[in-house]
Amino acid sequence: MGRGRVELKRIENKINRQVTFSKRRNGLLKKAYELSVLCDAEVALIIFSSRGKLYEFGSAGTTKTLERYQHCCYNAQDSSSALSETQSWYQEMSKLKAKFEALQRTQRHLLGEDLGPLSVKELQQLEKQLECSLSQARQRKLDAEGSSSNSFRAMQQITWAAGTVVDEGAAAYHMQQHQQQQPNHSAAMDCEPTLQIGYPHQFAAAEQAANNIPRSSAPGGENNFMLGWVLGAN
């Protein structure tokens with residue numbers, strides 16, 4: 001009789017598990033070797049036991065085979081990622097192109113061009129859009145004119161206020177000058193008024209000459225000298 005089918009589950013007996021591992025490991029290494037020789041294939045086999053011990057086989061060297069494996073995997077991943085990225089960019093470009101063409105059609109319709117293919121409903125929507133745009137433009141114009149008018153009024157008020165300040169300053173300056181001149185006028189009014197006939201230097205010369213003329217010893221201390229301006233008056 002042949003052996004019965006072995007149930008694939010973990011062997012609980014430690015000794016039996018170790019014996020089975022050794023037998024099957026050797027058989028697997030043998031099969032890998034036979035595959036590489038018979039089929040001229042590059043085979044690499046790596047086995048770690050439950051205790052962490054390494055068993056390996058490589059027909060062309062395990063390291064070389066692993067490097068070749070990594071190179072193939074990474075190149076495949078890069079190619080796949082590059083292809084998916086290219087497709088994504090192409091889809092994005094197609095969407096942008098469609099949006100650009102739609103915007104161009106809308107612009108032509110707003111300018112009154114290419115209206116033939118439009119239906120009645122589309123023409124009504126276009127009319128409403130134009131009316132709304134015109135209303136907004138008029139409202140913006142009124143707002144701009146109002147703002148300009150307010151700015152002009154503000155400038156007028158500032159100019160008027162500045163002129164008022166200048167007028168008040170000039171009035172205060174004239175008032176101060178007037179107050180400074182009033183004491184001089186009052187001082188001049190306080191002096192005793194005198195009457196002079198002729199030039200001042202004539203009176204000074206006449207007084208000096210009168211002082212130099214000797215007076216007579218007539219009784220009363222009087223003499224016959226008379227000032228020139230007295231004779232002139234006579």
Side-chain angles (χ1 to χ4, degrees), residues 8-9 28 31-32 35-36 38-48 54 56-176:
L8 293 178
K9 67 175 186 179
L28 186 58
K31 292 293 183 181
L35 179 63
S36 64
L38 295 176
C39 301
D40 195 17
E42 184 176 352
V43 180
L45 178 62
I46 300 175
I47 301 173
F48 285 96
L54 174 62
E56 62 179 354
F57 168 78
S59 60
T62 307
T63 305
K64 182 179 178 181
T65 305
L66 289 176
E67 290 177 355
R68 183 179 178 182
Y69 168 77
Q70 292 176 355
H71 181 71
C72 292
C73 291
Y74 291 157
N75 286 344
Q77 291 178 359
D78 294 340
S79 300
S80 177
S81 61
L83 181 60
S84 61
E85 186 176 0
T86 303
Q87 292 177 353
S88 176
W89 280 111
Y90 180 77
Q91 293 176 358
E92 187 69 19
M93 185 182 68
S94 300
K95 292 179 181 178
L96 292 176
K97 185 178 180 180
K99 289 181 180 179
F100 178 72
E101 292 176 353
L103 290 175
Q104 282 187 331
R105 286 195 301 270
T106 303
Q107 184 180 8
R108 288 195 299 269
H109 294 163
L110 292 175
L111 294 175
E113 300 176 357
D114 298 338
L115 299 179
L118 298 180
S119 62
V120 177
K121 185 176 181 180
E122 291 175 346
L123 290 174
Q124 290 177 352
Q125 293 178 354
L126 180 61
E127 183 181 4
K128 291 180 181 180
Q129 186 176 1
L130 290 173
E131 290 177 354
C132 181
S133 300
L134 182 59
S135 176
Q136 292 179 356
R138 288 175 178 174
Q139 184 64 33
R140 181 68 185 112
K141 178 183 176 182
L142 294 176
D143 294 342
E145 291 177 352
S147 177
S148 177
S149 177
N150 294 334
S151 301
F152 180 72
R153 292 195 188 95
M155 290 297 296
Q156 285 184 338
Q157 292 179 358
I158 293 173
T159 305
W160 179 81
T164 304
V165 172
V166 171
D167 293 341
E168 292 178 356
Y173 175 76
H174 290 305
M175 182 64 69
Q176 184 178 5

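Throughout, residue positions are numbered sequentially from 1 according to the sequence presented.
- The structure places CG of Leu66 at 12.5 Å from NZ of Lys64, a figure rounded to the nearest 0.5 Å.
- Between the Thr62 side chain and the Ala44 main chain, no donor and acceptor come within less than 3.5 Å of each other.
- Separating the CG atom in Leu103 from the CZ atom in Arg108 is a distance of 11.0 Å, to the nearest 0.5 Å.
- With rounding to the nearest 0.5 Å, the separation of CD in Glu131 from OG in Ser135 is 9.5 Å.
- The neighbour count for Asp40 CG, taken as heavy atoms of other residues, nucleotides or ligands under 6.0 Å away, does not exceed 12.
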> Given the rule in the side chain to side chain contact (heavy atoms under 4.5 Å, CB included) test, do Arg138 and Leu134 qualify, once you have shown the distances and angles that lead to the verdict?
Replying inline: CA-CA 6 Å; Arg138 288 175 178 174; Leu134 182 59; 3.5 Å; yes

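- The closest side-chain heavy-atom distance from Gln129 to Gln125 is not below 4.5 Å.
- A heavy-atom distance below 4.5 Å is not found between the side chains of Glu92 and Ser88.
- Atom CG of residue Asp143 and atom CD of residue Gln136 lie 11.5 Å apart, to the nearest 0.5 angstrom.
- Distance check, rounded to the nearest 0.5 Å: CZ of Arg140 to CD of Glu145 gives 11.0 Å.
- Of all heavy-atom pairs between Ser59 and Glu42, the closest is OG-CA, 3.3 Å.
- Taken from CG in Leu45 to OG1 in Thr65, the straight-line distance is 11.0 Å, to the nearest 0.5 Å.
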